[in-house]
Structure formats: C-alpha cells, structure tokens
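Structure first, commentary second.
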Amino acid sequence: MEELKNSAFLSNLGNYSIFQFREDTIRFMTSSRLEKYQKIVEWDNGYLVVLAKYKDLAEMEEYIDLVPILEDLSYDVDSFLSNIKEVKIRETTR
C-alpha cells in the first residue's frame, strides 16, 4: 500500500495525456496520433522519458517535462514532486 501512496500514473485518452498522483489529475494536450504510452524509461523529479506508440509509426522515446505544466497550474512544484517516487503506466479504456 505504501508503494501506491508514492506512485503516480501516466495514461492518455484522445488528445490528452493524463498524469495522476493521489487526488490530483492533470490533463495536458498531446498528439492525436498517440495510441498509448508503453513504458516509463526514466522519472527524474518532474521529467519523464517514456516509450510511446503513435499511429503508423514505430515505438519511440518521448520526453515530458511536467514542471512548466505544474507551474502554469499554480502548483507548489517542489512539494508536489517530492512525494512521487515512481511513475507507472495506467491503461485507459475508450
């Protein structure tokens, strides 16, 4: 249970990527060609390296910097990110 308390989740639905941590759900625009995130390669305090599958393209590495997104949403970035120990992929159903 402690593991889930410190885990965040990344998924996508339609034109949005969804980052969830505890009660917070942050949605941000992504390519309409994104089919799904497949694997978290690296999590570094707000910076994600992920493997993603796009329509008609091979799997590729993608980089997501959450810091500017969180800043735009007026989050206390350091406080929010300090509690996240890992990020996992969460499958979405359409």
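Remember, it's a predicted structure, so these values are computed and weren't measured experimentally. We use all heavy atoms of the structure for the numbers below, so side chains are in, but hydrogens, waters and symmetry mates are not.
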Which value, rounded to the nearest 0.5 Å, describes the distance between [X] atom [atom1] and [Y] atom [atom2]?
| X | Y | atom1 | atom2 | answer |
| --- | --- | --- | --- | --- |
| Ile89 | Phe9 | CD1 | CZ | 10.5 Å |
| Lys85 | Ser82 | NZ | OG | 6.5 Å |
| Leu34 | Met60 | CG | CE | 10.0 Å |
| Leu48 | Leu66 | CG | CG | 5.5 Å |
| Ser7 | Arg90 | OG | CZ | 9.5 Å |
| Ser11 | Gln20 | OG | CD | 5.5 Å |

* Criterion side chain to side chain contact (heavy atoms under 4.5 Å, CB included) on Ile26 and Leu73, from CA distance to verdict -> CA-CA 9 Å; Ile26 300 161; Leu73 295 170; 3.8 Å; yes
Going by side chain to side chain donor-acceptor pair (under 3.5 Å), name the residues that satisfy it together with [X], two or more places apart in sequence or in a different chain.
| X | answer |
| --- | --- |
| Arg33 | none |
| Glu61 | Tyr63 |
| Tyr75 | Asp24 |

* Are the ring centres of Phe80 and Phe21 closer than 6.0 Å? ->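 Centroid distance Phe80-Phe21: below 6.0 Å, so yes.
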* Stepwise, does the side chain to side chain contact (heavy atoms under 4.5 Å, CB included) test hold for Leu51 with Tyr37? -> CA-CA 6 Å; Leu51 292 181; Tyr37 292 115; over 6 Å; no
* Working for side chain to side chain contact (heavy atoms under 4.5 Å, CB included), residues Lys88 and Glu86 -> CA-CA 7 Å; Lys88 299 179 179 184; Glu86 70 174 329; 3.2 Å; yes
* In chain order, what residues pass the side chain to side chain contact (heavy atoms under 4.5 Å, CB included) check against Ser79, with sequence neighbours excluded? ->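 Per chain and number, Ser79 pairs via side chain to side chain contact (heavy atoms under 4.5 Å, CB included) with Asp76.
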* Mind checking what makes side chain to side chain contact (heavy atoms under 4.5 Å, CB included) contact with Asp65, not counting sequence neighbours? ->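 Tyr47, Val67, Pro68.
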* Asked: Strictly by modelled atom types, are Asn6 and Arg22 linked by a side-chain donor-acceptor pair under 3.5 Å?
  ->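 Yes - a donor-acceptor pair under 3.5 Å links their side chains.
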Side chains of residues 38-46: which donor-acceptor partners sit under 3.5 Å, not counting sequence neighbours?
unit_1 : atom_1 : unit_2 : atom_2 : d
Trp43  : NE1    : Ile84  : O      : 3.4

* Asked: Would you say Phe19 and Ile69 make side-chain contact, with heavy atoms under 4.5 Å?
  ->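 Contact flag for Phe19/Ile69 side chains = no.
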* To do: Could you walk me through whether Ile64 and Phe28 pass the side chain to side chain contact (heavy atoms under 4.5 Å, CB included) test, one step at a time?
  => CA-CA 11 Å; Ile64 301 170; Phe28 49 97; 3.9 Å; yes
